[in-house]
2 protein chains.
Amino acid sequence: MLTDRQLLILKAIVDNYVTNAEPVGSRSISKRDDVTFSPATIRNEMSDLEELGFLEKPHSSAGRIPSQKGYRYYVDHLISPSKLTKNEVSDIQSILANRFDEIEQVIQESAKVLSSLTSYTSIVIGPEVFESRLRQLQLIPISETQAVVIIVTDTGHVENQTVHFPGKLDGSELEKVVNILNEKLRGIPMVQLQEKLSLEISNVLKKYITQYESMIDMLQDVFQRHQHEKVFYGGKTNILSQPEFHDVERVRNILDIFEEDKLVSKLFRSAENGLTIKIGEENHFEPFSDCTIITATYSLDGKHMGTVGILGPTRMEYPRVISIMDYLSKDMTKLLTAWNHRKSE
Amino acid sequence: MLTDRQLLILKAIVDNYVTNAEPVGSRSISKRDDVTFSPATIRNEMSDLEELGFLEKPHSSAGRIPSQKGYRYYVDHLISPSKLTKNEVSDIQSILANRFDEIEQVIQESAKVLSSLTSYTSIVIGPEVFESRLRQLQLIPISETQAVVIIVTDTGHVENQTVHFPGKLDGSELEKVVNILNEKLRGIPMVQLQEKLSLEISNVLKKYITQYESMIDMLQDVFQRHQHEKVFYGGKTNILSQPEFHDVERVRNILDIFEEDKLVSKLFRSAENGLTIKIGEENHFEPFSDCTIITATYSLDGKHMGTVGILGPTRMEYPRVISIMDYLSKDMTKLLTAWNHRKSE
DNA sequence: GTTAGCACTCTGTGTCTGCGAGTGCTAAAT
DNA sequence: ATTTAGCACTCGCAGACACAGAGTGCTAAC
């Protein structure tokens with residue numbers, strides 16, 4: 001168990017390192033008002049803290065920097081959420097002020113605000129498809145062998161895809177198909193569409209249309225494709241202003257990851273509800289071994305809808321970011337609930 | 001007028017600098033097989049070329065590098081398109097091999113191939129809306145006051161947008177509106193929709209529906225929004241591997257530009273048909289003052305459809321890139337023509 | 001007109017130096 | 001038994017310096 005003095009010193013070192021990005025020496029700590037003991041004492045304590053694994057030395061005669069374990073302890077025991085400033089609160093609430101038609105607009109806007117407030121990179125994962133349901137399906141013929149499938153979900157999200165058939169399309173058949181599908185599938189969660197289709201719908205369709213098999217194949221393919229979530233970014237390049245990312249090779253590795261939405265959504269999607277903090281190696285992903293990811297979930301009527309995330313260096317302003325994320329995710333939840341009610345009025 | 005020898009030397013310097021990214025000295029040129037004269041002679045010629053503005057010196061005792069004017073002369077007079085290698089040709093043709101339903105897939109794929117072949121960043125601007133026409137318009141109610149507008153163009157592109165109305169929606173009215181709009185607007189170029197709507201349609205609509213004004217406003221808004229083109233990127237971070245972009249601040253400036261599709265499409269959209277090369281300041285855009293942009297247009301049945309572009313340092317492999325762009329843009333034109341015929345079969 | 005020769009210039013690199021910030025240890029002070 | 005002052009020691013870093021290498025520009029010879 002750490003003594004009070006050790007806790008004070010550990011906290012002082014993390015705080016100091018987070019703001020200055022430079023190894024912290026015993027003397028600079030002794031200058032603080034809440035520190036009454038001498039540099040020598042601090043050195044002894046620091047030495048102990050290093051032995052316990054909370055601190056590291058970049059080289060033998062430099063100050064100390066927090067280790068991953070140090071940050072973890074700091075986050076778990078040493079910080080209390082900082083109070084948001086007026087500006088921060090009003091920036092977040094400005095998202096609310098804009099009129100919006102689709103959830104996506106809220107999400108894109110949230111990502112922007114989050115990145116500009118924190119000056120890290122923000123990643124917001126959109127309403128997860130497996131939590132949304134089919135509201136409407138449309139098949140619009142655009143040529144004799146092609147049609148556009150349009151899927152509208154109950155979150156107001158619309159996906160479209162062009163498909164083509166081996167044979168000619170029959171307008172009245174298409175209409176029948178659309179009617180059957182809408183009747184049977186409306187309100188079904190997006191993830192269950194494929195199963196539902198093969199178990200219940202295929203038999204019915206068989207009776208009505210000639211191109212039965214290619215139609216089923218096509219629908220399965222469409223449902224399959226639109227399983228993934230959408231990823232929104234804010235301040236993609238913010239991370240470049242952090243001194244730890246002044247190496248172009250490193251930067252490139254990270255930016256390349258942002259181009260792969262699937263990977264990003266895997267890394268940032270949070271399993272648990274609420275706030276999650278993953279520091280360095282805890283991400284189990286080599287390029288992020290000196291990054292921290294903080295995620296928070298937002299929901300609608302208690303249903304998990306998506307994740308807001310922040311990517312920054314392990315040397316992150318934890319208290320502030322945590323407070324902002326907490327506030328924002330709750331605000332988004334509120335916003336969505338209001339939207340949902342307005343929508344169903 | 002430059003002498004043959006000056007031309008040979010200028011070409012040698014550009015070629016050499018493009019591959020090695022280091023100032024070129026007189027001795028290294030004299031080693032070339034096609035150079036029969038001594039370093040001293042070359043020095044004299046270089047001195048003249050510098051006076052004429054084709055070359056620059058980074059400092060007094062370094063070799064020479066091409067000036068912007070030097071590159072321009074090189075591009076205009078000294079190069080002949082390089083023959084593509086088998087790999088390059090087959091890479092480009094692999095785009096053709098994939099089955100595709102929407103033009104966007106071709107474009108995205110082209111951007112990828114282009115960036116991987118050149119190792120610069122590629123920007124492809126999608127079918128320009130003002131060249132495409134409305135094929136179909138749909139209004140799908142999703143709640144009592146909201147609907148999704150879906151626009152399908154003759155290029156197979158689909159846009160959607162959620163809209164809401166102050167009052168309740170009447171299903172049969174909506175149907176009428178959709179019918180009228182489709183009848184009157186089908187085949188109209190996307191850019192003319194707004195004009196057409198206010199001049200010809202609004203009177204007709206007036207007769208049929210109650211929420212006349214908000215409907216018109218809504219449609220105008222929708223048509224307005226979908227004027228912009230889509231921008232596709234390939235190898236966004238490729239530019240980081242160029243030695244001239246090893247400064248993080250610089251990199252950030254450029255990457256930030258990529259986040260603004262409107263700006264990018266303004267910078268890369270080519271007015272003229274065919275191949276355009278803009279070197280350095282010729283871009284009239286400070287962050288690109290040491291970049292070259294090469295664009296080529298692709299078309300469908302003679303109609304200008306969009307632009308493929310490459311962004312790299314002024315120190316660019318011009319002959320190779322030009323050949324690739326030329327081949328690719330022609331290939332895309334062919335591909336689109338084939339697609340268009342298949343589509344209308 | 002061309003080229004060899006040479007002085008000169010500038011950069012990059014390696015070495016040395018001293019400085020400053022920091023540690024760790026020991027011995028004295030509390 | 002803590003705490004602290006004192007001091008030797010360790011690095012890293014910036015500046016000074018010399019030196020090699022690459023390159024130029026000029027002059028004089030070919």
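Heavy atoms only: backbone and side chains are in, while hydrogens, waters and symmetry mates are out. Only a predicted model underlies this, so the values are computations on that prediction, with no experimental measurement involved. A note on names: the letters A, B, ... follow the listed sequences, proteins ahead of strands, and every chain is numbered from 1.
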Engineer: Are B:Ser82 and B:Arg320 close enough that a side-chain donor and a side-chain acceptor fall under 3.5 Å?
Structural biologist: no
Engineer: Can you measure A:Ile65 atom CD1 to D:dG12 atom P for me and round it to whole angstrom units?
Structural biologist: 14 Å
Engineer: In this structure, which one of B:Tyr71, B:Phe54, B:Tyr74 forms a side chain to side chain contact (heavy atoms under 4.5 Å, CB included) with B:Pro66?
Structural biologist: B:Tyr71
Engineer: Figure out the CD1/P separation between B:Ile42 and C:dG1, and round it to whole Å.
Structural biologist: 18 Å
Engineer: Round to a whole Å and report the spacing from CG of B:Asn44 to C1' of D:dT27.
Structural biologist: 11 Å
Engineer: Round to a whole Å and report the spacing from CG of A:Asn20 to P of C:dG22.
Structural biologist: 11 Å
Engineer: Nearest whole Å is fine: how far is C:dG22 P from A:Ile9 CD1?
Structural biologist: 15 Å
Engineer: Would you kindly give the NE2-to-P distance between A:His59 and D:dC13, to the nearest whole Å?
Structural biologist: 7 Å
Engineer: In this structure, how many angstroms lie between the P atom of C:dT2 and the CD atom of B:Glu45, rounded?
Structural biologist: 8 Å
Engineer: Any side-chain N or O of A:Ser38 under 4.0 Å from OP1/OP2 of D:dT3?
Structural biologist: no
Engineer: Could you check which of D:dT3, C:dT3, D:dG25 has an atom nearest any side-chain atom of A:Arg5?
Structural biologist: D:dT3
Engineer: Strictly below 4.0 Å, N to O, side chains only: are B:Glu50 and B:Arg64 in salt-bridge contact?
Structural biologist: yes
Engineer: Considering only D:dT4, C:dT9, D:dC11, which nucleotide approaches the side chain of A:Ser60 most closely?
Structural biologist: D:dC11
Engineer: Within this structure, what is the CD-to-P distance between B:Glu50 and D:dT24, rounded to whole angstrom?
Structural biologist: 10 Å
Engineer: Does one side chain, of B:Ser26 or B:Arg43, offer a donor that lies under 3.5 Å from an acceptor on the other?
Structural biologist: yes
Engineer: Just by distance, no angles: are the side chains of A:Tyr318 and A:Thr292 close enough, under 3.5 Å, to form a donor-acceptor pair?
Structural biologist: yes
Engineer: Can you tell me if B:Thr121 uses its side chain to pair, donor with acceptor, with the backbone of B:Gly235 under 3.5 Å?
Structural biologist: yes
Engineer: Out of D:dG12, C:dG24, D:dT4, which nucleotide sits closest to the side chain of A:Thr41?
Structural biologist: D:dT4
Engineer: It should be established whether A:Lys57 places a side-chain nitrogen or oxygen under 4.0 Å from OP1 or OP2 of nucleotide C:dG24.
Structural biologist: yes
Engineer: Could you tell me whether B:Glu244 and B:Arg250 make a salt bridge, using a distance below 4.0 angstrom between a side-chain N and a carboxylate O?
Structural biologist: no
Engineer: Considering only nitrogen or oxygen atoms on both sides, find all protein atoms under 3.5 Å from nucleotides 15-23 of chain D and state each distance.
Structural biologist:
unit_1: D:dG23; atom_1: O3'; unit_2: B:Ala62; atom_2: O; d: 3.4

